[in-house]
Amino acid sequence: MKVIHVETGMHLYGGALQVFFLLRGLQPYPGEHILVCPSGSAIGKAAREFVRVVEIPCRGDHDLAFLWRLQRLLRRERPDLVHLHSRRGADTLGGIAAKLASVPAILSRRVDNPEPRWLVALKYRLYARVITISDGIRQVLLREGLPDEKIRCVPSAVDTERYRPDGDREWFRQELGIRDDQPVIGMIAQLIPRKGHEVLLDALPAVLAQLPDLQVLLFGKGPLQEPLAAEIAERGMSQTVRLMGFREDLERIIPCLDLVVHPAYMEGLGVALLQAAACGVPIVATRAGGIPEIVKPDYNGELIDPGDSVGLGRAIQRLLADRPLTAQMGRQGRALVEKNFSISSMVQGNLNVYRELAGRTK
């Protein structure tokens, strides 16, 4: 079985990291896997160790040259399947290229944003199967009219060896300039509107009234960086809320957080939440998309409604005030990801779809 994988992300996190896990995990199984990615991408550099990498420039959803190049590659390589992993440029254009090359296409859908029913009816004809990373995304597609028999749910995975509890708190405090007596919460998300950073800022005054020494670390990059910095200063929170940018060492940082918050309005699943749970850190997040599949109320965290800043503040105060409870939640969160979100399960789930379409039994 020969499968061409298309991933157009430039950085090795989020969906691209899941593709890396998949390609690495497929190595023990029979078959050939080829990665198509943009020139200079991080996943291309990392995956060369175990798969053939073909670099094709991709300038977005309207790059017809990408469609033409991918179609030529598919005709030349004659794979059994093409697996389209990312939205930017790869989903619709990749589906068209596969259709023109007469190769069955699989689409991985990692977001829960709705699409018009007419678009779903038209666009999803391009794919033999759609793999959703959460049941929440599956439910979105079902509501929009996609037949259930076309959908397979394979949850994202977390590297539980890399992300583990019991971090080096002395290093953490020195590295980030935080006193031993200061509680610390983190939010790990792109700086974009749907992640809900403003909900956290709205929740903080009530929390700070009870916990004036609280430190809030916002990890990530995005277009809201300057507006958020300005709003934090305007609210007088510059000594409390810090924009940390993109960090390559989150596996060292997350275990040292007291709490991870994620007040997103929409979320396909939330890899950062898997990482937090794997590190034994309790989570306060929203009932959005696939988040309730990771965060179980009174088990490994709390759930609030999207946009509920009052509820967010109350949940943060409750958990930070009860250290035995958060320690128990942390242990239970770790057990949850080990059971339901392992890399081996994710690899096997995708492999089952390949075998189903290729008509193979082994």
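Given the structure is predicted, the values throughout are model-derived calculations rather than measurements.
For the atom pair CG (L257) and CG (L259), the distance works out to 8.5 Å, reported to the nearest 0.5 Å. Once rounded to the nearest 0.5 Å, the distance linking CZ of R334 with NZ of K339 reads 15.5 Å. In this structure, CG in D305 is found 11.5 Å from CG in L312, a value given to the nearest 0.5 Å. For the atom pair L12 CG and E248 CD, the distance stands at 8.5 Å (nearest 0.5 Å). Interatomic distance, SG of C279 versus CZ of R162, reported as 10.0 Å (0.5 Å rounding). Distance check: L22 CG to N350 CG gives 4.5 Å after rounding to the nearest 0.5 Å.
P79 has its side chain within reach of L74: a pair of non-hydrogen atoms, C-beta onward, lies under 4.5 Å apart. Contact check for P183 versus R323: side-chain heavy atoms found under the 4.5 Å cut-off. Contact check for R331 versus P165: no side-chain heavy atoms found under the 4.5 Å cut-off. In this structure the side chain of I131 reaches within 4.5 angstrom of the side chain of I106, judged on heavy atoms. Looking at L146 and I151, their side chains come closer than 4.5 Å, going by heavy atoms from C-beta outward. In this structure, H5 and S108 have side chains that are not in contact, with every pair of non-hydrogen atoms separated by 4.5 Å or more. Contact annotation: the side chain of R242 approaches that of L176 to within less than 4.5 Å [non-hydrogen atoms, C-beta and beyond]. Inter-residue side-chain proximity for I316 and E302 is flagged as unmet; no heavy-atom pair is nearer than 4.5 Å.
Looking at residues two or more places apart in sequence or on another chain, you find a salt bridge (Lys or Arg N to Asp or Glu O under 4.0 Å) between D298 and R318. Partners of D181 by salt bridge (Lys or Arg N to Asp or Glu O under 4.0 Å), not counting sequence neighbours, listed by chain and number: R179. The salt bridge (Lys or Arg N to Asp or Glu O under 4.0 Å) test applied to R152 returns E356, not counting sequence neighbours. Scored by the salt bridge (Lys or Arg N to Asp or Glu O under 4.0 Å) test, K123 finds D91, E115 as partners (sequence neighbours excluded). For the side chain to side chain donor-acceptor pair (under 3.5 Å) test, residues two or more places apart in sequence or in another chain that qualify with D148 are R138. Annotation: side chain to side chain donor-acceptor pair (under 3.5 Å) contacts of E144 (sequence neighbours excluded): none. For the side chain to side chain donor-acceptor pair (under 3.5 Å) test, residues two or more places apart in sequence or in another chain that qualify with H262 are E267. With sequence neighbours left out, the side chain to side chain donor-acceptor pair (under 3.5 Å) criterion links Q275 to Y163.
The backbone N or O of G9 sits less than 3.5 Å from a side-chain atom of E7, completing a donor-acceptor pair. Judged purely by atom type and a 3.5 angstrom limit, K296 has no side-chain atom pairing as donor or acceptor with the backbone of Q332. A donor-acceptor contact shorter than 3.5 Å links the side chain of R173 to the backbone of Q182. At least one donor-acceptor pair under 3.5 Å links the side chain of D80 to the backbone N or O of K2. Between the side chain of R125 and the main chain of A121, a donor-acceptor pair closer than 3.5 Å is present. For E338 (side chain) and T160 (main-chain N/O), no donor-acceptor pair under 3.5 Å exists by modelled atom type. Under a 3.5 Å cut-off, the side chain of T8 and the backbone N or O of A90 do not form any donor-acceptor pair.
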Sequence neighbours left out, cut at 3.5 Å: what donor-acceptor pairs do the side chains of residues 38-51 make with other protein atoms?
from: S41; atom 1: OG; to: P38; atom 2: O; distance (Å): 3.3
from: S41; atom 1: OG; to: G44; atom 2: N; distance (Å): 3.2
from: R48; atom 1: NH2; to: E55; atom 2: OE2; distance (Å): 2.9

Side chains of residues 199-218: which donor-acceptor pairs under 3.5 Å do they make with residues two or more places apart or in other chains?
from: D202; atom 1: OD1; to: R235; atom 2: NH1; distance (Å): 3.2
from: D202; atom 1: OD1; to: R235; atom 2: NH2; distance (Å): 2.6
from: Q215; atom 1: NE2; to: Q239; atom 2: O; distance (Å): 2.9

As a quick check of understanding, evaluate side chain to side chain contact (heavy atoms under 4.5 Å, CB included) for E175 and R252, giving each step before the final call.
CA-CA 11 Å; E175 173 75 9; R252 299 188 70 185; over 6 Å; no
Starting from the C-alpha separation in whole Å, work towards a yes-or-no answer on side chain to side chain contact (heavy atoms under 4.5 Å, CB included) for Y29 and M1.
CA-CA 10 Å; Y29 297 95; M1 179 168 53; over 6 Å; no
Going through the checks in order, is the side chain to side chain contact (heavy atoms under 4.5 Å, CB included) test met by I253 and W171?
CA-CA 9 Å; I253 290 173; W171 168 85; 4.0 Å; yes
What verdict does the side chain to side chain contact (heavy atoms under 4.5 Å, CB included) test give for V120 and R117, after you've listed the backbone C-alpha separation in whole Å, the side-chain angles of each residue and the deciding distance to 0.1 Å?
CA-CA 5 Å; V120 170; R117 290 180 69 91; 5.5 Å; no
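A pairwise comparison of heavy atoms in F341 and S156 identifies CD2-O, 3.4 Å as the closest pair. Contact between G268 and S134 at its shortest, heavy atoms only, is O-OG, 2.7 Å. Among all heavy-atom pairs drawn from D159 and I343, the shortest one is CA-CD1, 3.9 Å. The shortest heavy-atom contact between E149 and R129 is O-NE, 4.0 Å. Nearest approach of G290 to L269, heavy atoms of both residues: O-CD1, 3.5 Å. The two residues A157 and F21 make their nearest non-hydrogen contact at O-CE1, 4.1 Å.
Hydrophobic clustering (side-chain heavy atoms under 4.5 Å, transitive across Ile, Leu, Val, Met, Phe, Trp, Tyr) keeps L191 apart from L273. Taken together through direct or relayed side-chain contacts under 4.5 Å among Ile, Leu, Val, Met, Phe, Trp and Tyr, V261 and L228 form part of one hydrophobic cluster. Hydrophobic clustering (side-chain heavy atoms under 4.5 Å, transitive across Ile, Leu, Val, Met, Phe, Trp, Tyr) keeps L243 apart from V184. Under the 4.5 Å side-chain heavy-atom criterion for ILVMFWY residues, no single connected hydrophobic cluster contains both V295 and Y265. L224 and V111 fall into different hydrophobic clusters, defined by Ile, Leu, Val, Met, Phe, Trp and Tyr side-chain heavy atoms under 4.5 Å apart, directly or through other members.
No side-chain donor from either of R143 and Q139 sits under 3.5 Å from a side-chain acceptor of the other. For the residue pair Y127/R109, the side-chain donor-acceptor check at 3.5 Å is not satisfied.
In this structure, R194 places its CZ atom where more than 12 heavy-atom neighbours from other residues, nucleotides or ligands lie under 6.0 Å away. The 12-atom threshold is not exceeded at CZ of R72, counting heavy atoms of other residues, nucleotides or ligands nearer than 6.0 Å.
A salt bridge is absent between D180 and R169; no separation between the charged side-chain nitrogens and carboxylate oxygens falls under 4.0 Å.
In the hydrophobic clustering, where aliphatic and aromatic side chains (Ile, Leu, Val, Met, Phe, Trp, Tyr) are joined below 4.5 Å either directly or transitively, Y13 groups with F246.
Among residue pairs with one or both ends in residues 16-37, those qualifying as salt bridge (charged side-chain N to carboxylate O under 4.0 Å, His left out) are E32-R52; sequence neighbours excluded.
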